[in-house]
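Everything on this sheet refers to the single structure shown next.
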Amino acid sequence: MASGADVQAMWGLELDASGNPKFGGGGLVNKLLGYNQDISIDVERGIDRRGNLGTRGTARYSRGGFSGSLRLECDLVQPWLLELMFGSYTKTGSTKYTYTYTEADILPSAEFQVLEQLTPSKTLFRQLQGCVVQRGEISVEATSADPIRLSYEMGFAKELRSNAKPSGWDGKWGIEDRDTVSFAGATWSAWTGSSYKEIAQTESVNISIDHGTELKTSLGSEFPTRASTGIRDWRVSTITLFEDVATYMDALYGTPVNGTPSAPGAPKLVGGDRDKGLRLELMWDDGGMMTFELTNVIVTTHSNPIRGAADELMESVEMLAGGCSLVVSDWPDDEPARK
């Protein structure tokens, strides 16, 4: 009986020989996924019943557009997967590298390859092409033993299948050997108007993006031929020990609390600055740091559950962000070849 121990998976960007995007055209697949991968592949063929006069049964079946979805969750180990979430990066350095990710209006597409040894004699090799991120999430949980996790919901345009391991697979495939990072290597900070200040008693942080991605079909093909994206919808949620109303609650109510009771005013941005807001820093023990900076942040929901003497006072906060940038600094590894 086959299990995840009999599966190998890699991915790569879809680029032509000049490095330009080529949606659905496949790419150089040579990048590994982080540990504890959870992969789900679903395909629909748009099958529909066709009835006919004179019978209550099905006279024929029709098929419509091909629809593929790929759900991926893994430990956040290497930064390369994050290009699918942000869109592009620039690199500086030669032995220690700095990668600066900025949001791009056109998301890159990728090819994911999955090799499944179903039985000792039966192999399924799957090439998922035209994979584009629809939603992504980074989760930091101090109440969990898991390292920092990255999850993606993607659509893909088509699939190629084979019953044989491709040539050169063993030369590219290997077990990831870089360390993970846990909540102990994470710092969560808020802009105060002049600097970032750590919120030390934070239990969890979740940063998510919904790109509003749709895969579009055109006349002449049942497979999608392009991807379109909508508004970038960044969302942040956090749970922390309720020690100070200044960061989240004052922003939601619009004014600082004082000795005279007052009604809420207009909500304000966290830190009062469109260009600053919240910052998540992830530091690896063996070198390298990722710094996510969320800008134009506003609080939408503040919850303060009060249960009794046995429970601490906590605050649960939901927020919207206008944008997010990422700087990967002092990184010891260069990205594998892209094309």
Side-chain angles (χ1 to χ4, degrees), residues 1-4 6-16 20-29 33 37-74 84-85 106-137 151-167 169 209-231 233:
M1 180 180 69
S3 70
D6 305 293
V7 179
Q8 298 172 353
M10 291 188 290
W11 73 281
L13 293 171
E14 292 186 320
L15 303 171
D16 63 19
N20 299 313
K22 57 172 185 177
F23 174 81
L28 177 59
V29 175
L33 303 172
Q37 306 95 336
D38 188 346
I39 300 172
S40 180
I41 304 168
D42 298 291
V43 174
E44 293 185 19
R45 299 300 305 274
I47 304 295
D48 194 14
R49 295 179 183 272
R50 310 310 295 174
N52 210 347
L53 297 176
T55 177
R56 294 181 62 241
T58 299
R60 199 172 187 85
Y61 291 104
S62 66
R63 75 172 189 268
F66 178 95
S67 176
S69 61
L70 171 63
R71 168 77 183 182
L72 168 67
E73 184 175 341
C74 63
L84 300 181
M85 185 174 180
I106 299 176
L107 293 178
S109 62
E111 176 178 337
F112 281 77
Q113 295 182 355
V114 182
L115 180 67
E116 301 177 63
Q117 194 66 46
L118 303 178
T119 70
S121 60
K122 293 181 180 179
T123 299
L124 174 61
F125 175 64
R126 311 181 72 171
Q127 295 177 256
L128 311 179
Q129 297 182 340
C131 299
V132 184
V133 169
Q134 296 166 317
R135 286 167 291 277
E137 183 175 345
S151 62
Y152 281 157
E153 293 179 26
M154 291 178 276
F156 63 90
K158 64 181 178 182
E159 177 181 359
L160 307 178
R161 298 183 303 146
S162 169
N163 63 0
K165 180 190 295 187
S167 175
W169 178 271
I209 174 69
D210 188 331
H211 284 289
T213 305
E214 293 184 63
L215 270 60
K216 301 283 191 175
T217 52
S218 303
L219 295 180
S221 173
E222 68 177 286
F223 302 103
T225 58
R226 69 186 190 280
S228 69
T229 51
I231 296 173
D233 185 1

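Note that the structure is predicted; figures quoted are calculated from it, not measured. Positions are given from 1 along the sequence.
One finds the CG atom of L28 at 9.0 Å from the CG atom of L15 (value rounded to the nearest 0.5 Å). In this structure, N163 CG and L124 CG are separated by 9.0 Å, a value rounded to the nearest 0.5 Å. With rounding to the nearest 0.5 angstrom, the CD atom of E116 is 6.0 Å from the CZ atom of R126. Rounding to the nearest 0.5 angstrom, the gap separating the CD atom in Q37 from the SG atom in C74 is 6.5 Å. The distance from the CG atom of D38 to the CG atom of L72 is 8.5 Å, given to the nearest 0.5 Å.
The two residues A9 and I39 come nearest to each other via the heavy atoms CB-CD1, 4.0 Å. The two atoms that bring M154 and C131 nearest to each other are SD-CB, 4.3 Å, heavy atoms only. Between G24 and S109, the shortest heavy-atom contact is N-OG, 4.2 Å.
Under the side chain to side chain contact (heavy atoms under 4.5 Å, CB included) criterion, L160 pairs with Q127, Q129, not counting sequence neighbours. Scanning for side chain to side chain donor-acceptor pair (under 3.5 Å) contacts around E222 gives R45, R63, with sequence neighbours left out. Not counting sequence neighbours, the partners of K165 by the side chain to side chain donor-acceptor pair (under 3.5 Å) test are D170. D6 is linked by a salt bridge (charged side-chain N to carboxylate O under 4.0 Å, His left out) to nothing, counting only residues two or more places apart in sequence or in another chain. Annotation: salt bridge (charged side-chain N to carboxylate O under 4.0 Å, His left out) contacts of E111 (sequence neighbours excluded): none. When the side chain to side chain donor-acceptor pair (under 3.5 Å) test is applied to E153, the partners found at least two apart in sequence or on another chain are R71, R135. Annotation: side chain to side chain contact (heavy atoms under 4.5 Å, CB included) contacts of D42 (sequence neighbours excluded): S40, S69. Partners of F223 according to the ring-ring contact (aromatic ring centres under 6.0 Å, His included) rule, which considers only residues two or more places apart in sequence or in another chain, are F66. A search for ring-ring contact (aromatic ring centres under 6.0 Å, His included) contacts involving F23 returns nothing, not counting sequence neighbours. Checked against side chain to side chain donor-acceptor pair (under 3.5 Å), S221 has no partners two or more places apart in sequence or in another chain.
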Determine all donor-acceptor pairs shorter than 3.5 Å in which one atom belongs to a side chain in residues 211-220; sequence neighbours excluded.
unit_1, atom_1, unit_2, atom_2, d
H211, NE2, M85, O, 2.9
T213, OG1, V133, O, 2.8
S218, OG, T225, OG1, 2.9

List the atom pairs, with distances to 0.1 Å, where a side-chain N or O of residues 47-54 and a protein N or O form a donor-acceptor pair under 3.5 Å, not counting sequence neighbours.
unit_1, atom_1, unit_2, atom_2, d
D48, OD2, R50, NH1, 3.2
R49, NH1, T58, OG1, 2.6

request  = Kindly indicate, with the supporting measurements, whether the criterion side chain to side chain contact (heavy atoms under 4.5 Å, CB included) is fulfilled by F112 and I41.
outcome  = CA-CA 11 Å; F112 281 77; I41 304 168; over 6 Å; no
inquiry  = Using side chain to side chain contact (heavy atoms under 4.5 Å, CB included), reason through T229 and I106 one step at a time and then give a plain yes or no.
reply    = CA-CA 7 Å; T229 51; I106 299 176; over 6 Å; no
Stepwise side chain to side chain contact (heavy atoms under 4.5 Å, CB included) test for L84 and W11 = CA-CA 11 Å; L84 300 181; W11 73 281; 4.1 Å; yes
key: Pair V43-F156, side chain to side chain contact (heavy atoms under 4.5 Å, CB included): steps then yes or no   = CA-CA 9 Å; V43 174; F156 63 90; 3.8 Å; yes
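Looking only at distances, no side-chain donor or acceptor of Q113 sits under 3.5 Å from a matching main-chain atom of F125.
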